[in-house]
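Note that these values count all heavy atoms, side chains included, but never hydrogens, waters or copies made by symmetry.
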Amino acid sequence: MQISNFKQIIFIVGELCFNLWHENKNIKSIDMKGLLKNLGLFIIILSAIILMIAYFTGNVNNNFVLGCTLCLGIIGLVTHIFFNKRITD
């Protein structure tokens, strides 16, 4: 890909993001309850992303990476269960 094409793509994506932000800035803000209810899912997705990065870099035999992602997955599962039981709409 040429540099000029890359600049055009970046400009178009930036313009699109600005237009979406400008149109949606009057939408109700995200509340903390909604974020906490999904915190566990975000942690589980983070652990899956770390596992994918480890796979693509060829670092799958490293027990530290695998152990950390296992702990993140368990923490995410427990967090998801805890916050969904405690927080009601």
Pairwise distance CD1(Ile43) to NE2(His80) - rounded to 0.5 angstrom: 11.5 Å
Exercise: identify the closest heavy-atom pair between Ser47 and Leu72: CB-CB, 3.7 Å
ILVMFWY cluster, Leu46 and Phe82 together (side-chain gap under 4.5 Å): yes
With Thr79, the side chain to side chain contact (heavy atoms under 4.5 Å, CB included) member among Leu41, Ile74, Leu39, Ile44: Leu39
Which pairs of donor and acceptor atoms, one on a side chain in residues 50-66, lie under 3.5 Å apart (sequence neighbours left out)?
from: Thr57; atom 1: OG1; to: Ile53; atom 2: O; distance (Å): 2.9
from: Thr57; atom 1: OG1; to: Ala54; atom 2: O; distance (Å): 3.2
from: Asn62; atom 1: OD1; to: Phe64; atom 2: N; distance (Å): 3.1

